[in-house]
Amino acid sequence: MNPEAKGSGVSSVQGLRVPFRDLRVTDPVRRAELIEAVDRVLSHGRLVLGPECAQFEEEVGRYCGRRYGIGVGSGTDALYLALRALEIGPGDEVITTALSWIATANAIVLTGATPVFVDIGEDLNIDVERIGAAITSRTKAIVPVHFTGQICEMRRIQEVASANGLVIVEDAAQAFGATQNGRMAGSFGEVSCFSMNAMKVFGAYGEAGAIVTDNERLRDRLFSLRYNGTVEKQDCHWPSLNGRLDTVQAAMLLVELEYLSGKIARRREIARMYTQRLAGTVQCPVERLGNRHIYYAYSVLAERRDALMQHFAAKGIETQVQHPLPMPRHTAYRERFSADVPVADRVSRRLLCLPNQDNLPLDHVSYVCDGVEEFYAR
Ligand SMILES: *Cc1c(COP(=O)(O)O)cnc(C)c1O
């Protein structure tokens with residue numbers, strides 16, 4: 001069968017370009033709202049922790065069902081400051097997954113603590129069965145990562161944590177708006193961390209992040225830690241960095257929050273289309289029972305991945321690998337920490353993220369599917 005004859009027929013269109021993501025704002029209504037939000041900030045001039053920051057913190061806390069939100073400069077800041085607020089540091093071990101953006105490991109290492117990498121399961125998240133074996137007398141915390149936008153098996157993780165007196169710091173950077181049995185990402189940790197960098201589903205127009213918690217003492221500590229560890233902005237109690245949320249980003253994020261449920265719905269629709277067409281050809285993501293995956297990434301496992309990427313490139317389709325190296329395999333860490341993570345090693349060689357941004361036209365989704373089918377029909 002001629003593969004060109006399948007699908008929507010868009011594959012016959014010459015010169016079609018499918019970018020992995022396109023961050024331009026083309027919807028005129030949303031664009032006007034964003035410009036107006038920035039304009040308001042320019043008018044009031046309270047650029048440093050302005051009123052939009054406080055409003056953003058309140059709305060993010062409420063969205064996640066938490067008492068407090070703390071705006072920070074990035075997801076990396078969020079994780080690092082959360083661990084610092086919990087007084088995790090040298091001599092402590094922190095259990096996390098092998099497969100995440102390197103920020104997760106960096107945040108742990110920068111506190112002086114030692115990351116202990118646990119292998120992943122078929123949902124690409126930390127394999128809860130393997131956490132027990134990683135616990136030692138030095139273990140202080142677990143940092144589960146809701147990788148690609150799907151929440152980890154949190155009930156099991158909470159059981160292991162409470163049985164061993166460990167605190168959970170949720171890395172929900174990829175999962176704002178994801179749910180598990182009706183509970184929001186960010187509602188499972190003692191402290192929970194988000195990134196709102198421009199690439200995330202709930203993204204700013206630059207760098208931004210947030211932390212949520214129900215613990216007032218931790219909130220106050222975090223307010224201090226995000227501003228050089230100062231109290232009353234004058235006296236430094238705990239050496240730290242400047243990780244404040246930018247007021248312009250907060251203002252724009254308040255607009256974006258209104259669009260979030262539509263964006264998630266669209267990503268889920270794209271995921272449904274991909275899975276329907278491709279399930280027999282590549283290994284599609286599995287949404288676990290009870291989960292609402294937000295598909296920050298639509299990650300398939302593909303045989304001959306690199307050749308498939310080249311085939312896509314020749315068709316004008318841009319794909320990405322998130323992430324080509326498991327965290328313990330990065331140059332900074334591979335000789336420093338041993339990690340026996342065969343599943344993550346194997347998966348990272350086959351992982352491929354297909355374009356799935358909410359503004360991706362559905363005929364482009366078909367065109368991507370055509371590309372996969374052509375490649376494996378050869
Ligand atoms: C994006 C991301 C981070 C870091 O967030 P930044 O805002 O880029 O600093 C941390 N963890 C995970 C899982 C991420 O995807």
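For clarity, every value in this text was computed on a predicted model and none was experimentally measured. Keep in mind that the numbers below use all heavy atoms, side chains included, and drop hydrogens, waters and symmetry copies. All ligand and atom numbering here is 1-based and tracks the order in the structure.
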Inset, instruction - Would you please name every residue forming a ring pair (Phe, Tyr, Trp, His ring centres under 6.0 Å) with Phe202, sequence neighbours left out? - result: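 Only Phe176 meet the ring pair (Phe, Tyr, Trp, His ring centres under 6.0 Å) criterion with Phe202.
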Legend entry - Distance-only side-chain donor-acceptor flag, Asp171 / Thr104, under 3.5 Å: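 Yes, Thr104 and Asp171 have a side-chain donor paired with an acceptor closer than 3.5 Å.
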In a table with atom names and distances, give each donor-acceptor pair under 3.5 Å that connects a side chain of residues 72-81 to protein atoms at least two apart or in another chain.
| unit_1 | atom_1 | unit_2 | atom_2 | d |
| --- | --- | --- | --- | --- |
| Ser74 | OG | Thr76 | N | 3.3 |
| Ser74 | OG | Asp77 | N | 2.9 |
| Asp77 | OD2 | Gly73 | N | 3.4 |
| Tyr80 | OH | Arg84 | NH1 | 2.8 |

Legend entry - Flag if over 12 foreign heavy atoms under 6.0 Å of CZ, Arg304: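 Correct, the count exceeds 12.
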Note down each nitrogen or oxygen pair, ligand 1 side and protein side, whose separation is under 3.5 Å; give only atom names and the distance to 0.1 Å.
| unit_1 | atom_1 | unit_2 | atom_2 | d |
| --- | --- | --- | --- | --- |
| ligand 1 | 5 (O) | Ser195 | OG | 3.2 |
| ligand 1 | 7 (O) | Gly75 | N | 2.7 |
| ligand 1 | 7 (O) | Ser195 | OG | 2.6 |
| ligand 1 | 8 (O) | Asn197 | ND2 | 2.9 |
| ligand 1 | 9 (O) | Gly75 | N | 3.3 |
| ligand 1 | 9 (O) | Thr76 | N | 2.8 |
| ligand 1 | 9 (O) | Thr76 | OG1 | 2.5 |
| ligand 1 | 11 (N) | Asp171 | OD1 | 3.3 |
| ligand 1 | 11 (N) | Asp171 | OD2 | 2.9 |
| ligand 1 | 15 (O) | Gln174 | NE2 | 2.8 |
| ligand 1 | 15 (O) | Lys200 | NZ | 3.2 |

Inset, instruction - For Ile35, enumerate each residue passing the side-chain contact (heavy atoms from CB on, under 4.5 Å) test, keeping only those at least two apart in sequence or located in another chain. - result: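 Ile35: side-chain contact (heavy atoms from CB on, under 4.5 Å) contacts with Arg31.
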Inset, instruction - Just do the side-chain contact (heavy atoms from CB on, under 4.5 Å) check on Asp235 and Thr230 with the steps written out, would you? - result: CA-CA 5 Å; Asp235 182 19; Thr230 52; over 6 Å; no
